[in-house]
Visitor: 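Before anything else, here's the structure in question.
Along the sequence shown, residues are numbered consecutively beginning with 1.
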Amino acid sequence: MSAKPWSPSHVATVASTYTDLRISGDVKSQLVDLLVAKLDQVVPRMEQETLTQDAERKTLDDPQRTRLGYSRTRGLMTERIEQVDSVSAAAVTAACEELESYLIDVLRACETVCTNNRMGTIKPRHLEEALSNLGVSPTTQTEVITKPAANGDDPLNALVGGGSGVNSRNVILEVV
């Protein structure tokens, strides 16, 4: 069974974010055909580049860059949603792009701090100063993870699983 291509209306919706012009029905269908033809070029190239980097690899990868893990990001997003039931692939992709952009901004700010201090290694103090320069409070992010709950229950206890498993409280604290 062959996978169905995108619907012309979906491609038109995506295309509408790039133009203010209307798109005729025939052009919508032609855009689908163009995207499928482009995908016919992209997939073999990506496949070859993936195998060039790792000949044993069994999953197609983005050989041009290392990205945040899709599944891990999706899982983290699913844990945080409150008013909807699920997370779409588009939302995960957008979140990964936003997170990677944020990471780039933080690293650039760290580089600036290191350059000013004539250092070649980003140290925790550089990260703290960089976050301060960006207007982000570094303590706010870590307090959420390490501060016990107000009712006295430690949020890490729920992750331990009774203490008999591999995930001990100390192992979790080391990871955090």
Visitor: Look only at the side chain of Asp54 and the backbone of Glu56, and say whether a donor-acceptor pair between them is shorter than 3.5 Å.
Guide: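 Yes; judged by distance alone, with no hydrogens or angles, the pair exists.
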
Visitor: Hey, does the side chain of Thr93 reach the backbone of Ala89 with a donor-acceptor pair shorter than 3.5 angstrom?
Guide: yes

Visitor: Does a side-chain heavy-atom distance below 4.5 Å link Cys96 with Val92?
Guide: yes

Visitor: Distance check, rounded to the nearest 0.5 Å: Ser9 atom OG versus Ile23 atom CD1?
Guide: 11.5 Å

Visitor: For the atom pair OG1 (Thr112) and CG (Leu134), what is the distance rounded to the nearest 0.5 Å?
Guide: 9.0 Å

Visitor: Does Val43 belong to the same Ile/Leu/Val/Met/Phe/Trp/Tyr cluster as Val32, with side-chain heavy atoms less than 4.5 Å apart forming each link?
Guide: yes

Visitor: From Gln30 CD over to Leu35 CG, what is the distance, rounded to the nearest 0.5 angstrom?
Guide: 12.0 Å

Visitor: Tell me if a side-chain donor or acceptor on Thr19 pairs with a main-chain N or O of Ser16 at a distance below 3.5 Å.
Guide: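 No; judged by distance alone, with no hydrogens or angles, the pair does not exist.
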
Visitor: How close do Leu107 and Ile122 get, counting heavy atoms only, and between which atoms?
Guide: CD2-CD1, 4.3 Å

Visitor: Measure the spacing between CG of Leu99 and CD1 of Ile104 and express it to the nearest 0.5 Å.
Guide: 11.0 Å

Visitor: Taking Val27 as the starting point, is it possible to reach Val36 by hopping between hydrophobic residues whose side chains are less than 4.5 Å apart?
Guide: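 Both belong to a single hydrophobic cluster.
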
Visitor: Once salt bridge (charged side-chain N to carboxylate O under 4.0 Å, His left out) is applied, what residue pairs with a partner in residues 22-44 remain, sequence neighbours excluded?
Guide: none

Visitor: Do the side chain of His126 and the main chain of Glu111 share a donor and acceptor less than 3.5 angstrom apart?
Guide: no

Visitor: Near Glu98 CD, under 6.0 Å, is it more than 12 heavy atoms from other residues, nucleotides or ligands?
Guide: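 Atom CD in Glu98 is not packed in, count stays at 12 or less.
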
Visitor: After noting the C-alpha distance and the side-chain angles of Leu39 and Trp6, does the key distance pass the side chain to side chain contact (heavy atoms under 4.5 Å, CB included) rule?
Guide: CA-CA 12 Å; Leu39 191 62; Trp6 307 276; 4.2 Å; yes

Visitor: Are Arg125 and Glu129 close enough for a salt bridge, meaning some N to O gap below 4.0 Å?
Guide: no

Visitor: For a quick test of reading the model, state the closest non-hydrogen atom pair linking Pro8 to Ser29 and the distance between them.
Guide: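 For Pro8 versus Ser29, the nearest heavy atoms are CG-OG, 4.0 Å.
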
Visitor: State plainly whether one hydrophobic cluster holds both Leu76 and Ile81, where clusters connect Ile, Leu, Val, Met, Phe, Trp and Tyr through side-chain heavy atoms under 4.5 angstrom apart.
Guide: no

Visitor: Would you check if Leu127 and Val106 make a side-chain contact, meaning some heavy-atom pair closer than 4.5 Å?
Guide: yes

Visitor: Among residues two or more places apart or on two chains, list those pairs meeting side chain to side chain donor-acceptor pair (under 3.5 Å) that have a residue in residues 68-84.
Guide: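 Every candidate side chain to side chain donor-acceptor pair (under 3.5 Å) pair involving residues 68-84 fails, so no pair, neighbours aside, qualifies.
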
Visitor: If we ignore hydrogens and angles and just use 3.5 Å, is the side chain of Thr50 paired with the main-chain N or O of Met46 as donor and acceptor?
Guide: yes

